[in-house]
Amino acid sequence: YTYFEGTPRWPDGTQTLTYAFLPGNGLTDDVKNVFATAFDRWSEVTTLSFSEAESYNSADITIGFYTGDHGDGEPFDGVLGTLAHAFSPTNGRFHLDGDEDWVVSGDVTQSSLSTAVDLESVAVHEIGHLLGLGHSSVEEAIMYPTIAARTRKVNLAEDDIEGIQNLYGSNPNYNGTSTTSSRQNDSSH
Amino acid sequence: RLFPNVSAIPPSVLNNVTRGAWDAYKNFTGCRPGSTYDGLSKLKNYFHRFGYIPDSSSNFTDDFDDALESAIKTYQKNFKLNITGQLDNSTLDHIVLPRCGVADIINGTSTMNSGKENASATSTNTRFHTVSH
């Protein structure tokens, strides 16, 4: 695991971070639930928790799908290529490329569409950035920079957990194995 | 392009698959340092975007120059590929993979393997001094 330059993080004492979705995207509850699950994966191992905010403008973390040049100097490039990006703490912006073929549920590995991208896998990775993690060279880690289409990778690896716990501490209820069974299900899924 | 379920992707989409944004980079397989190749500047832009080639005030050329070779070596190191400095199959297979848009090297500091190795070297030195003492 690595951190961004200067090791930016959310301030001491932060317990709950709020997130909100770009209203113009009109996301369904199913899509929003994917992000909620992705946030849960991080809160299971740290002292942080996450909740959806009513107001987009006052949320700590803002999530939106954009295409092409969307004003932050990092334009998206169409199908595949760059899938998403997020900013380091405490910026909170999380952008996804609206041109991708995002799959919300089901076994993406069995998709007939060669460009299908698992939404939760990318969400878990970008949340790592939002919390302060940089990229990792550990291929099994969520914070590894690349992910092939039709791949599902949502389980935090030891490398991810160690990195985030060094920043925010460990969830007192986390014993290192409590979520293993559900994650194994996800892996087989 | 949000599909609620993997089985809910309409046939019209399946029959109209677009090429990946970086698929064309595979054409650079086998390119060697010291030569010039049409379109190689696009690959330099890729490496620049992810921090492997430092900020440059001028447009990139199509020359396979030292900067590109160095970028490839650092990329190979970060992704634990064979460090050849060349655009071999395994390197290009990796380059064209979809990825996160956050750079691997920010302001000249690698956020990946290189930095970790430096930290490891420091730790090793510390242990060595302890043993000597």
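The structure displayed is predicted, hence computed values, not measured ones. Order of the sequence lines sets the chain letters (A, B, ...), proteins ahead of strands, with each chain counted from 1.
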Exercise. Side-chain contact test, heavy atoms from C-beta onward, threshold under 4.5 Å: evaluate it for B:Met112 versus A:Pro145 and give yes or no.
Key: yes

Quiz prompt | Interface moiety of B:Leu2 toward chain A, non-hydrogen atoms closer than 4.5 Å | solution = both

Quiz item: Taking only heavy atoms into account, what residues of residues 69-81 of chain A are found under 4.5 Å from chain B?
Solution: A:Glu74, A:Pro75, A:Asp77, A:Val79, A:Leu80, A:Gly81

Quiz item: At a heavy-atom separation under 4.5 Å, does A:Tyr144 approach chain B through its side chain, its backbone, both, or neither?
Solution: side chain

Quiz prompt | Region of B:Thr18 that comes under 4.5 Å of a non-hydrogen atom in chain A | solution = both

Quiz item: When rounded to the nearest 0.5 angstrom, what distance separates CZ in B:Phe3 from CG in A:Leu119?
Solution: 12.5 Å

Practice problem: Starting at SG of B:Cys100, measure out to NE2 of A:His135 and round the result to the nearest 0.5 Å. | Solution: 3.5 Å

Quiz item: What residue in A:Glu139, A:Met143, A:His129 has the most heavy-atom pairs under 4.5 Å with chain B?
Solution: A:His129

Self-check item: Atom group of A:Leu27 that falls short of 4.5 Å from chain B, counting heavy atoms
Solution: side chain

Quiz item: So what's closer than 4.5 Å to chain A heavy atoms on B:Val13: side chain, backbone, both or neither?
Solution: both

Quiz prompt | A:Asp99 versus chain B, the contacting section by heavy-atom distance below 4.5 Å | solution = backbone

Quiz item: Do side-chain atoms of A:Thr146 reach the backbone of B:Leu97 as a donor and acceptor pair under 3.5 angstrom?
Solution: no

Quiz item: Which heavy-atom pair separates B:Pro98 from A:Ala148 by the least distance, and what is that distance?
Solution: CD-CA, 4.2 Å

Self-check item: Which atoms of B:Phe50 approach chain A - backbone, side chain, both or neither, heavy atom under 4.5 Å
Solution: side chain

Exercise. For each of B:Gly20, B:Gly101, B:Pro4, tally heavy-atom pairs with chain A at distances under 4.5 Å, and name the one with the top tally.
Key: B:Pro4

Quiz item: Rounded to the nearest 0.5 Å, what separation is found between the OG atom of A:Ser112 and the CD1 atom of B:Ile9?
Solution: 7.5 Å

Quiz item: How far does CG of B:Asn5 sit from OG of A:Ser111, to the nearest 0.5 angstrom?
Solution: 10.0 Å

Quiz prompt | chain A contact via B:Arg49 - side chain, backbone, both or neither, heavy atoms under 4.5 Å | solution = side chain

Quiz prompt | Segment of A:Ala84 engaging chain B (4.5 angstrom heavy-atom cut-off) | solution = backbone

Self-check item: Heavy-atom pair of closest approach, residues B:Val17 and A:Leu113
Solution: CG2-CD1, 3.7 Å

